[in-house]
Amino acid sequence: MTAHTPAPHHHPDPAVLVDYAAGSLREPLALAVATHLWFCRACRDTVANAEAVGGALLAALPAAGDGDIGLAEVLALLDEPAAVAVAPRAPVAADIPGPLRHYVQGALPALPWRTTTKSLATVDLTTDVPGYRVRLLRIAAGAAMPRHTHRGTEVTVVLKGGYSDELGRFAPGDVAATDPAVAHQPMADADQDCYCLAVTDAPVRLVGWLGLLLNPFVRF
Amino acid sequence: MATASASAPSASPTQDDLAFWMAAIATRQDRAAFAALFRHFTPRLRAFLQRAGAAGAAADDVVQDVMLTVWRLASRYDPSRATVSTWVFTIARNRRIDQVRRERHPEVDPDDVELIDPADSAEQQVSAVQDEARIRNAMAGLPPEQAEILRRAYFDDLPHTAIAEQTGLPLGTVKSRIRLALARLRLTYDQP
């Protein structure tokens, strides 16, 4: 990952960027968006502007209650040390995008990979949000994954390397969403292993609004 | 420019007033400036949190927490990136996620040296603050159905898919209203 990384071609839907800026995405999906933003200045600018919409809406809200409510209590707390110290910046691991460093430490190849098949290894990330599975995937260079569908919907963001499938070619920062109707067979680039973030909603949550939630995630 | 030591102004403070108060807090821990910010923002923050479903006392707890965070992080506020209202909005959004939903809001640190294709500061100055004034004006002219979708998106803690379910509008209609609003506000950038 260097300053020469080309800008991504596959972006989240603008409505999802608004969801992210408004704060309504569940953490695993917000993590996928933030990971894309790491690579994509255009979407970072869109999110910054969508946050400005939030600022403008907040400023225009009719006041609820008097401005002096609670002022004395808060003034008395100003000299208290913060209950939670401001988190220091996580150590830099050049091949792990910033938003992921809260969840994994170290360099990508050195993570505790668990081998699933000859061509696929995974690392589970913990987010404490029920109904979602958040993993890093490593697809061996040149390997084709078995053709598969997902029981839930999966959102992936390429971190390093790249792959191609029926939907196109995916390079660092590119986002893909596949729902259970999509059968695809990703094939990693021949020259290096392909690393991705993958967020899946668990099979048990397939029905209902979560099923709807992920399908419109991506605009191509 | 209003001074921090004046009693609460009768007119709404301007963005310049808010930025002036923020600077006074960041540079010299000015409590009068903080009180002025507090009086301006807390009635709006309370309304914001109540709309997202936080009941009276819970909303007041989050309001207090937001304002303490404003005080503690004042030196990190960068006027070239966002107006004070937008910065306070992002703090309130994150505290709401943390306290109401017990989740994090993963973010990109714009100062991270590893960040891909960072904006340079001159571009940023132009885009952040001027855009915000323009957005504010343009929002007043949005068609009511687009403005209503935005209010729901920002205040009701619902992703657009859930807004579609709650309103009974087809998902495509919700998405297109959001896209039309973004286009009208000129918020989306050309993507390569």
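So that the names make sense, note that chain A is the first sequence line, chain B the second, and so on, each numbered from 1. Excluded from the calculations below are hydrogen atoms, water molecules and symmetry mates; all remaining heavy atoms, backbone and side chain alike, are included.
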If the plane angle is over 60° it's perpendicular, under 30° parallel, otherwise tilted; pick one for Tyr77(B) and Trp87(B).
->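 Correct class here is tilted.
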
Aromatic ring pairing Tyr154(B)/Phe89(B), orientation class (parallel under 30°, perpendicular over 60°, tilted between) = tilted

Please rank [options] by heavy-atom pairs under 4.5 Å with chain B and give me the top one.
options: Gly54(A), Gly70(A), Ala60(A); result: Gly54(A)
options: Ala59(A), Gly173(A), Gly98(A); result: Ala59(A)
options: Gly65(A), Ala63(A), Gly23(A); result: Gly23(A)
options: Leu31(A), Leu57(A), Leu37(A); result: Leu57(A)

Selection from [options] maximising heavy-atom pairs under 4.5 Å formed with chain A:
options: Arg51(B), Arg102(B), Arg31(B); result: Arg31(B)
options: Arg151(B), Arg136(B), Gln64(B), Arg101(B); result: Arg101(B)
options: His40(B), Arg104(B), Arg96(B); result: Arg104(B)

Mind checking whether Thr46(A) and His11(A) have side chains closer than 4.5 Å, heavy atoms only?
-> no

Using a distance-only test with no angle check, is there a side-chain donor-acceptor pair under 3.5 angstrom linking Asp65(B) and Gln99(B)?
->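 Result is yes, a qualifying pair exists.
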
Any chance the side chains of Glu107(B) and Asn94(B) put a donor and an acceptor closer than 3.5 Å?
-> yes

Can you tell which part of [X] gets under 4.5 Å to a heavy atom of chain A, answering side chain, backbone, both or neither?
X: Arg93(B); result: side chain
X: Ile163(B); result: neither
X: Ile97(B); result: side chain
X: Gln50(B); result: side chain
X: Leu150(B); result: both
X: Arg177(B); result: neither

If I measure from the heavy atoms of chain B, does [X] come under 4.5 Å with its side chain, its backbone, both, or neither?
X: Tyr20(A); answer: both
X: Ile69(A); answer: both
X: Pro62(A); answer: backbone
X: Val129(A); answer: side chain

Does the separation of the ring centres of Tyr195(A) and Trp113(A) fall below 6.0 angstrom?
->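 Yes; Trp113(A) has its ring centre under 6.0 Å from that of Tyr195(A).
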
Salt-bridge criterion met for Arg81(B) and Glu51(A) (N-O under 4.0 Å) |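 A salt bridge is absent here (no side-chain N lies under 4.0 Å from a carboxylate O).
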
For the side chain of Asp17(B) and the backbone of Thr14(B), is there at least one donor-acceptor N/O pair under 3.5 Å apart?
-> yes

Hey, does the side chain of Arg44(A) reach the backbone of Trp38(A) with a donor-acceptor pair shorter than 3.5 angstrom?
->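 At least one qualifying donor-acceptor pair exists.
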
Of all the heavy-atom pairs spanning Pro109(A) and Asp95(A), show the shortest one and how long it is.
-> CD-OD2, 3.3 Å

What distance separates Leu159(A) CG from Leu136(A) CG, expressed to the nearest 0.5 Å?
-> 6.0 Å

